[in-house]
Colleague: 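One structure, as structure tokens, below. Some questions next.
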Amino acid sequence: MNSETLRTICDILLPPSGFIILLAIGLFFWLIRLRKTAAFCILFASALLYFASTPFIAHKLLDPLQYQYEVLREVPEGTQAIVVLSGGRIPIAREYTNLDTVNATSLERLRYASRLSKVHQLPIMVAGGSVNDERQSDASLMKKVLETDFGVQVEWLEEKSKTTFENAMFAKKTLKENSVSKVLLVTHAYHMPRAVWCFEDVGLTPIPAPTIFYKRNTSASELYEYIPNARALEQTRIAMHEYLGKFWYKYVGY
């Protein structure tokens, strides 16, 4: 199954699409006068939408992912390089003369990778292909940002991947050719468990260097945790995407 099909399946299953589909099914049952079944579907979809949109549920799902690995305190002896994973792109960015550039997720990862590289004097690999068959790979866009905006040279590019597992698989080939196996792995904290699993599965030794932890609003009242908002729904979607991705890799295939 190709990456485009996988993305379509994710979009259908994950919120808000999954809830909308369930509501539509409920309305269909209502039209054909299966009122009890319709009521169940509509109420169930509404309840799922409510809970998924609350900060309480969002963090219940996110925290086991993003706090599985601690912030990197020191770099272990023998670490040879940094691998930073793409988080996506902005296509045809008007303020960049209609050229593609990295999105906010990629930029957050690149910022942390550049800091690690400067502090610890480690070479960088950027990893990310052309997910939608664009002319330029994500890795080439990341390289340009690192070198132009952060003043950090990129040693290697991995430009073939369309998934996290392919990041690991194709990165391994280049790293092995350069006798590199022990690397700092830079990605978002919520994405780190799946990324580490992929890199270990192909035989590399990744050292987690997570960045960006989504924290609770501790200054807000307890009631705030149960008031739905769009940000919480997005964080719930992010967490569910990670759980679904790990399940898919482990039990279905790559």
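Just so it is clear, the values below take in all heavy atoms, side chains as well, and ignore hydrogens, waters and symmetry mates.
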Colleague: Val83 versus Leu175: any side-chain heavy-atom pair under 4.5 Å?
Modeller: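 Counting from C-beta outward, Val83 and Leu175 do come under 4.5 Å.
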Colleague: Linking I/L/V/M/F/W/Y whenever any side-chain heavy atoms sit under 4.5 Å apart, do Val131 and Ile90 land together?
Modeller: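 Different clusters: Val131 never reaches Ile90 through Ile, Leu, Val, Met, Phe, Trp or Tyr contacts under 4.5 Å.
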Colleague: To the nearest 0.5 Å, what is the distance between CZ on Phe56 and CG on Leu61?
Modeller: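 Going from the CZ atom of Phe56 to the CG atom of Leu61 covers 10.0 Å.
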Colleague: Under the 3.5 angstrom rule, does the side chain of Asn217 hit a backbone N or O of Ser219 as a donor-acceptor pair?
Modeller: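 Yes, the answer is positive, given that a donor and an acceptor are paired below the 3.5 Å cut-off.
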Colleague: Tell me, with the steps shown, if Arg216 and Asp63 meet side-chain contact (heavy atoms from CB on, under 4.5 Å).
Modeller: CA-CA 10 Å; Arg216 296 175 183 271; Asp63 288 354; 3.7 Å; yes
Colleague: In terms of the angle between their ring planes, are Tyr214 and Tyr190 parallel, tilted or perpendicular, with boundaries placed at 30° and 60°?
Modeller: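 Ring orientation, 0 to 90° scale: parallel.
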Colleague: What side-chain hydrogen bond (donor to acceptor under 3.5 Å, both in side chains) pairs are there with at least one residue in residues 22-34, not counting sequence neighbours?
Modeller: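 For residues 22-34: none.
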Colleague: Determine the minimum heavy-atom distance between Gly128 and Ser137, stating which atoms define it.
Modeller: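 Scanning both residues completely, I find the closest heavy atoms to be O-CB, 3.6 Å.
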Colleague: So which heavy atom on Ala232 is nearest to which on Pro55, and how close?
Modeller: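 Closest heavy-atom pair between Ala232 and Pro55: CB-N, 3.6 Å.
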Colleague: Decide whether Leu48 and Ile238 are clustered together by the hydrophobic rule: side chain heavy atoms of Ile, Leu, Val, Met, Phe, Trp, Tyr closer than 4.5 Å, transitively.
Modeller: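 Different clusters: Leu48 never reaches Ile238 through Ile, Leu, Val, Met, Phe, Trp or Tyr contacts under 4.5 Å.
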Colleague: Connecting only ILVMFWY residues whose side-chain heavy atoms lie within less than 4.5 Å of each other, what is the rest of Val102's hydrophobic cluster?
Modeller: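 Noted: Val102 shares its cluster with Leu72, Val75, Ile82, Val84, Leu107, Leu110, Tyr112, Leu116, Leu122, Ile124, Val126, Leu141, Met142, Val145, Leu146, Phe150, Val152, Val154, Leu157, Leu184, Val186, Ile207.
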Colleague: State plainly whether one hydrophobic cluster holds both Leu34 and Ile42, where clusters connect Ile, Leu, Val, Met, Phe, Trp and Tyr through side-chain heavy atoms under 4.5 angstrom apart.
Modeller: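 They do not share one cluster, since no chain of ILVMFWY contacts under 4.5 Å joins Leu34 to Ile42.
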Colleague: How would you list, by chain and number, every residue that makes a side chain to side chain contact (heavy atoms under 4.5 Å, CB included) with Leu223, sequence neighbours excluded?
Modeller: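 So Leu223 forms a side chain to side chain contact (heavy atoms under 4.5 Å, CB included) with Ser221, Ile227.
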Colleague: When hydrophobic residues are tied together by side-chain contacts of less than 4.5 Å, even through go-betweens, does Leu22 share a cluster with Leu13?
Modeller: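 Not linked; separate clusters.
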Colleague: Mark yes when over 12 heavy atoms from residues, nucleotides or ligands other than Leu99 sit less than 6.0 Å from its CG; otherwise mark no.
Modeller: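 Enclosed: over 12 neighbouring heavy atoms sit under 6.0 Å from CG of Leu99.
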Colleague: Quick one: do Lys172 and Asp201 make a salt bridge, cutoff under 4.0 Å?
Modeller: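 Salt bridge: no.
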Colleague: Quick one: pull up CG in Leu23 and OG in Ser46 and give me the separation to the nearest 0.5 Å.
Modeller: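 Reported value, rounded in 0.5 Å steps: 5.5 Å.
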Colleague: If only atom types and distance count, is the side chain of Gln80 paired as donor or acceptor with the main-chain N or O of Ser181 below 3.5 Å?
Modeller: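 Looks like yes, one N/O pair under 3.5 Å.
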Colleague: With the threshold set at 4.0 Å, does a side-chain nitrogen-carboxylate oxygen contact exist between Glu242 and Lys246?
Modeller: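 A salt bridge is absent here (no side-chain N lies under 4.0 Å from a carboxylate O).
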Colleague: Just wondering, more than 12 heavy atoms not from Lys176 lying within 6.0 Å of its NZ?
Modeller: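 It does: Lys176 NZ has more than 12 such atoms within range.
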Colleague: Donor-acceptor check, side chain of Thr54 to backbone of Phe51, threshold 3.5 angstrom: yes or no?
Modeller: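 Such a contact is found between Thr54 side chain and Phe51 backbone.
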Colleague: Run the salt bridge (charged side-chain N to carboxylate O under 4.0 Å, His left out) check on Lys162 and Asp133 step by step: do they pass?
Modeller: CA-CA 9 Å; Lys162 294 189 177 185; Asp133 298 320; 2.8 Å; yes
Colleague: Side chain to side chain donor-acceptor pair (under 3.5 Å) with Ser86: which of Thr164, Asp138, Thr187, Asn167?
Modeller: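 One option only clears the test, and that one is Asp138.
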Colleague: Under 4.5 Å between side-chain heavy atoms, counting indirect links through other Ile/Leu/Val/Met/Phe/Trp/Tyr residues: same cluster for Phe28 and Ile21 or not?
Modeller: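 Yes.
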Colleague: Who passes side-chain hydrogen bond (donor to acceptor under 3.5 Å, both in side chains) against Lys182, sequence neighbours left out?
Modeller: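 Testing Lys182 for side-chain hydrogen bond (donor to acceptor under 3.5 Å, both in side chains), a comparison that skips the adjacent residues, returns none.
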Colleague: Going from CD on Gln235 to CD1 on Ile57, what distance comes out if it is rounded to the nearest 0.5 angstrom?
Modeller: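 Taking CD in Gln235 and CD1 in Ile57, the distance rounds to 13.0 Å.
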Colleague: Can you tell me how far NZ of Lys160 sits from OG of Ser130, rounded to the nearest 0.5 angstrom?
Modeller: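 Output value for this atom pair is 12.5 Å.
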Colleague: Does Lys173, at its NZ atom, have more than 12 non-hydrogen atoms belonging to other residues, nucleotides or ligands within less than 6.0 Å?
Modeller: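 Result for NZ/Lys173: open.
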Colleague: For the atom pair CG (Leu14) and CD1 (Ile9), what is the distance rounded to the nearest 0.5 Å?
Modeller: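 The CG atom of Leu14 sits 11.0 Å away from the CD1 atom of Ile9.
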Colleague: What's the shortest heavy-atom distance between Asp100 and Pro91, and which atoms?
Modeller: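 Residues Asp100 and Pro91, closest heavy atoms: OD1-CA, 3.2 Å.
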Colleague: Heavy atoms, side chains only, cut-off 4.5 Å: are Glu155 and Met125 in contact?
Modeller: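 SC-SC contact between Glu155 and Met125 ruled out.
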Colleague: Heavy atoms only: give me the nearest Glu147-Lys143 pair and the separation to one decimal.
Modeller: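 Closest approach of Glu147 to Lys143: OE2-NZ, 2.7 Å.
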Colleague: Can you name the residues that form a salt bridge (Lys or Arg N to Asp or Glu O under 4.0 Å) with Glu234, not counting sequence neighbours?
Modeller: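 None.
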Colleague: Side chains of Pro206 and Glu200, heavy atoms from C-beta outward: is any pair under 4.5 Å?
Modeller: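 Yes - at least one pair of side-chain heavy atoms lies under 4.5 Å apart.
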Colleague: Using modelled atom types and a 3.5 Å cut-off, is there a donor and acceptor pairing between side-chain atoms of Thr236 and backbone atoms of Ala52?
Modeller: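 Yes; judged by distance alone, with no hydrogens or angles, the pair exists.
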Colleague: Check Gly129 against Arg89 and note the closest heavy-atom contact, atom names and distance.
Modeller: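 Result for this residue pair: O-NH2, 4.1 Å.
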Colleague: Is there side-chain contact between Phe199 and Leu85, with at least one heavy-atom pair below 4.5 Å?
Modeller: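 Heavy-atom side-chain distance check passes, below 4.5 Å.
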Colleague: So for atom CZ, which belongs to Arg231, do other residues, nucleotides or ligands contribute more than 12 heavy atoms lying within a distance under 6.0 Å?
Modeller: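 Counting neighbours around CZ of Arg231, 12 or fewer heavy atoms of other residues, nucleotides or ligands fall under 6.0 Å, so no.
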Colleague: So which atom in Pro15 and which in Met240 form the shortest heavy-atom distance, rounded to 0.1 Å?
Modeller: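 Looks like CD-SD, 3.7 Å.
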Colleague: Any donor-acceptor pair under 3.5 Å linking the side chain of Gln66 with the backbone of Leu62?
Modeller: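 It does not hold such a pair.
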Colleague: List for me each residue that meets ring pair (Phe, Tyr, Trp, His ring centres under 6.0 Å) alongside Tyr67, sequence neighbours excluded, and say none if there are none.
Modeller: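 Residues passing ring pair (Phe, Tyr, Trp, His ring centres under 6.0 Å) with Tyr67: Phe213.
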Colleague: So how far is it from Lys215 NZ to His59 NE2, rounded to the nearest 0.5 Å?
Modeller: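 Those atoms lie 11.0 Å apart.
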Colleague: Does Glu74 have more than 12 heavy atoms from other residues, nucleotides or ligands lying within 6.0 Å of its CD?
Modeller: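 No, because the 6.0 Å sphere around CD of Glu74 holds 12 heavy atoms or fewer from other groups.
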Colleague: Report yes if the side chains of Phe44 and Phe19 come closer than 4.5 Å at any heavy-atom pair, otherwise no.
Modeller: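 No. Closest side-chain heavy atoms not under 4.5 Å.
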Colleague: One pair to check against side-chain contact (heavy atoms from CB on, under 4.5 Å): Arg109 and His188. What are the steps and the verdict?
Modeller: CA-CA 7 Å; Arg109 298 175 186 182; His188 276 62; 2.9 Å; yes
Colleague: For the CD atom on Glu222, are there more than 12 heavy atoms of other groups (residues, nucleotides or ligands in this structure) within a distance under 6.0 Å?
Modeller: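 12 or below, so no.
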